[in-house]
Enquirer: 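Quick one: structure below, then a few questions.
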Amino acid sequence: MGKRALSIDAGTFACFLRNPRGGDAKPVKADDIESFMIMKKEHSFGPLVAHSPYTMNACSADPSIRDFALRVMKEDIRIMDLIPGNYYNFHPGSHVKQGVDIGIGFIAGMLNDALFDEQSTIVLLETMSGKGSEIGRSFEELRRIIDSVNLKNKIGVCFDTCHVWDAGYDIVGNLDGVLDEFDRVIGIEYLKAVHLNDSMNTCGSHKDRHAKIGEGHIGLEAIVRTVCHPALKNLPFILETPNDMDGYASEIRLLKSRSI
Ligand code: FE
Ligand code: FE
Ligand code: ZN
């Protein structure tokens, strides 16, 4: 995975630790960890941003689904801790008619059961588009989760540009204002990573359909401003655009040429 990232001149990458649809994690080989650590250092890779399985729903009404979310979170933190100091991102979850308050309670409860003092992995809540009953559609909802988490130094936020835009934050017309609001509501120090995507839909559509960079409603100029923004430019940026490896390579080339 690291080699593939290098081949397209990427400075970091995201990965799944198990099938994104769920299932058990693959056993991690000590050799793989060692060679990855060497590569990471040699090429001064930025922090990794692993992604939890999409089937994880920490605030499901079904206790067995909540248990699965807790088990995955605990196991994946252990795996991530084998390569210390990286990020593990997850979708907070969908409350499905239980209401936001109950949903937030379950998510914070799961985090309080999973996070522990000695872990070096930081767990990131992803900003969501607000499709269906997704929690994390507003900075306020993320703040409420963080407020209820005991180990606040183990938690952060991953800012997904497509999701934030679809949720109704105008990062095209007023990026500074959106980031000021993030700072006021959550605190900019919690912002640890960016998922960089264009969006097939308009601001506030609550849809969550990613577009290639420059081919959606956010557009290249706003994406370049995001990459170059002083509050963001040192964070890991992860592309989740609908692309093959050649597509990612050309997006990275384009963005690097525009971000001086
Ligand atoms: Fe995601
Ligand atoms: Fe994302
Ligand atoms: Zn998405």
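Order of appearance sets the numbers: ligands from 1, and atoms from 1 within every ligand.
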Enquirer: For atom CZ of Arg78, is the number of surrounding heavy atoms from other residues, nucleotides or ligands below 6.0 Å larger than 12?
Expert: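 No - once you tally the heavy atoms of other residues, nucleotides and ligands closer than 6.0 Å, there are 12 at most.
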
Enquirer: Around the Fe ion (ligand 1), how many protein N, O or S atoms are there at under 2.8 Å?
Expert: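 Number of qualifying protein atoms: 3.
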
Enquirer: Are Arg4 and Phe13 in a cation-pi setup, meaning NZ or CZ lies under 6.0 angstrom from the ring centre and within 45 degrees of the ring axis?
Expert: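 Negative - Arg4 is either too far from the ring of Phe13 or too far off its axis.
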
Enquirer: Taking the six-membered ring for Trp, is the centroid-to-centroid distance between Phe16 and Tyr54 below 6.0 Å?
Expert: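 Centroid distance Phe16-Tyr54: below 6.0 Å, so yes.
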
Enquirer: Could you walk me through whether Arg258 and Val227 pass the side chain to side chain contact (heavy atoms under 4.5 Å, CB included) test, one step at a time?
Expert: CA-CA 9 Å; Arg258 292 293 308 274; Val227 174; over 6 Å; no

Enquirer: Is the Zn ion (ligand 3) less than 2.8 Å from at least one N/O/S atom of His163?
Expert: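 So His163 does bind the Zn ion (ligand 3) by this criterion.
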
Enquirer: Can you check side chain to side chain contact (heavy atoms under 4.5 Å, CB included) on Asp9 and Arg253, steps first, answer last?
Expert: CA-CA 8 Å; Asp9 204 20; Arg253 234 180 291 122; over 6 Å; no

Enquirer: Is there a side chain to side chain contact (heavy atoms under 4.5 Å, CB included) between Asp198 and Trp165 once you walk through the steps?
Expert: CA-CA 9 Å; Asp198 211 324; Trp165 167 258; over 6 Å; no

Enquirer: Suppose you place the vertex at the Zn ion (ligand 3); what is the angle out to His210 NE2 and Asp208 OD1, to 10°?
Expert: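 The two atoms form an angle at the metal of about 90°.
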
Enquirer: If you count every heavy atom of other residues, nucleotides or ligands that lies below 6.0 Å from Arg209 atom CZ, does the total exceed 12?
Expert: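 No, CZ of Arg209 has 12 or fewer neighbouring heavy atoms, counting only those of other groups under 6.0 Å.
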
